[in-house]
Amino acid sequence: MILIVLFIVASFLAYSNGANDNFKGVATLFGSGTTNYKGAITWATITTFLGSVAAIYLADTLVKNFSGKGLVPNELIQDPNFAVAIALGAGITVFLATRIGMPISTTHSLVGALFGSGVVAVGSAFNFAKLGNTFLMPLIVSPLMAAVVSLVVYMLFRRLRIALGVSKKTYVYVSEETKLTPQLQKKDDSVAVGLVGQKTTKLSIGERNEERYEGHFLGIKAQKLLDYAHYLSAGVVSFARGLNDTPKIVGLLLVIQSLGIEWGMIAVALAMAIGGIINAKKVGHTVAKKITPMNHGQGFTANLITGLLVTTASIHGMPVSTTHVSVGSIFGIGTVTKKADVKTVRNILLSWLLTLPVAALFSALIYWLLK
């Protein structure tokens, strides 16, 4: 019975992960106006699922790390109650954050849940040194690295664009409004009241203006080439997220000996996809629209850096957070343009600080109740 419960709560964690994380890879596509929400979430779902499948062959190290191996004694890893407490504690934390639209890290939630249950179970026997070196350091360093790298790369790209003779133009949307006003109309010996329409032109500067690139590169229109590259970079980020996050959840299912890693990966991938399709909109709006406004080139740069950093981390078994890297990259762009929303970034940082202790408390309480 407890193994069935473990599978259910792991699927709930995967669902919450998809709801909170799936859209982050394509947030810049939506935020820059390259595509609409439906197009963005569809592309995210496809590429994330492909990343999850690839994790079967490329992410053994992450599966072992997030089973708890090395943090707690091996006999505890085989305890289904321990795995249930971790999955449910992390899943509740991520789901609550999703409901209020805060983009938090499932990785951070899992680390907090591992810590909470582990300390309740074994006390001082918990490997605090590995917790810091293997888990916490990558989580702290990755968003700072992403912000700095995206800032530098965007400035280099801007210089390259100017050198290639590609110009940037702002298109302002113009709308017409017709105002109807009553007016007396005299005809022969009778007087009637009629409506006269008066058209006014309205410029929506700052509301729906769009920056586009004019010029050619290798015989292809610069804007079209950039859009293709942007889609590709968004796909890379989503693929990398599936590659990095799926093994972390599957690691909790290793105690179900009859369920192979391959089937665990597929089950988690499906739950993540469903969560993203149903519940990703609120978090997606926060990441895409509230951190900073961005144009096509800025969105492409942020996604490119995120994809490179997360993919590299996945291959080397480092549990970085796609959320932290993605938000860090977008904030780096906002720092260059001086348009970052400080209040939104402050709220996101606060949610990050609370993630680990909240997940630890939930997980510790659940494990204590189960035992």
Side-chain angles (χ1 to χ4, degrees), residues 1-14 16-17 59-97 104-142 244-245 247-257 259 261 264 268 317-321 323-324 350-371:
M1 185 64 184
I2 191 65
L3 295 181
I4 295 173
V5 172
L6 173 57
F7 182 79
I8 292 172
V9 296
S11 297
F12 168 66
L13 172 60
S16 301
N17 172 272
D60 287 343
T61 303
L62 280 174
V63 171
K64 293 174 183 176
N65 281 343
F66 278 86
S67 66
K69 193 173 183 64
L71 289 173
V72 295
N74 288 335
E75 56 270 20
L76 183 59
I77 296 173
Q78 301 303 317
D79 181 3
N81 292 312
F82 181 66
V84 167
I86 295 170
L88 191 54
I92 292 172
T93 304
V94 177
F95 185 77
L96 290 176
I104 69 167
S105 165
T106 301
T107 305
H108 223 163
S109 300
L110 279 168
V111 171
L114 269 166
F115 174 73
S117 297
V119 170
V120 170
V122 299
S124 60
F126 188 88
N127 191 339
F128 293 95
K130 181 171 182 179
L131 177 70
N133 295 330
T134 304
F135 293 92
L136 296 184
M137 282 305 295
L139 292 174
I140 294 170
V141 172
S142 58
N244 197 273
D245 280 7
K248 300 168 188 175
I249 301 173
V250 173
L252 300 172
L253 296 174
L254 291 182
V255 296
I256 306 178
Q257 299 296 331
L259 183 66
I261 288 181
V268 168
M318 293 186 294
V320 303
S321 164
T323 303
H324 290 190
L350 178 61
S351 71
W352 290 358
L353 290 173
L354 291 174
T355 299
L356 194 148
V358 169
L361 287 172
F362 276 133
S363 180
L365 178 61
I366 292 166
Y367 184 74
W368 180 76
L369 290 172
L370 287 174
K371 296 301 287 186

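Using a 4.5 Å heavy-atom threshold, the side chains of Ile86 and Tyr367 count as separate. For the pair Ile8/Ile4, a side-chain contact is recorded, criterion being any heavy-atom separation below 4.5 Å from C-beta on.
Minimum interatomic distance between Phe95 and Ser16 (heavy atoms only, all atoms of both residues): CB-OG, 3.5 Å. What you find for Thr93 and Ser109 is that their closest heavy atoms are CG2-OG, 3.9 Å.
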- From CA spacing to verdict: side-chain contact (heavy atoms from CB on, under 4.5 Å), Leu110, Thr106: CA-CA 6 Å; Leu110 279 168; Thr106 301; 4.2 Å; yes
- Message: Walk me through whether Leu114 and Phe82 qualify under side-chain contact (heavy atoms from CB on, under 4.5 Å).
- Response: CA-CA 9 Å; Leu114 269 166; Phe82 181 66; 4.2 Å; yes
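The distance from atom OG of Ser11 to atom CG of Leu6, rounded to the nearest 0.5 Å, is 9.0 Å.
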Solution key, residues 356-366 side-chain donor-acceptor pairs under 3.5 Å, sequence neighbours excluded:
residue	atom	partner	partner atom	Å
Ser363	OG	Ala85	O	3.2
Ser363	OG	Ala113	O	2.9
Ser363	OG	Ser117	OG	2.2

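Ile104 pairs with exactly one of Leu354, Val94, Thr323 by the side-chain contact (heavy atoms from CB on, under 4.5 Å) rule, that one being Val94.
No close placement of the His108 and Trp352 rings is indicated, their centers lying 6.0 Å or farther apart.
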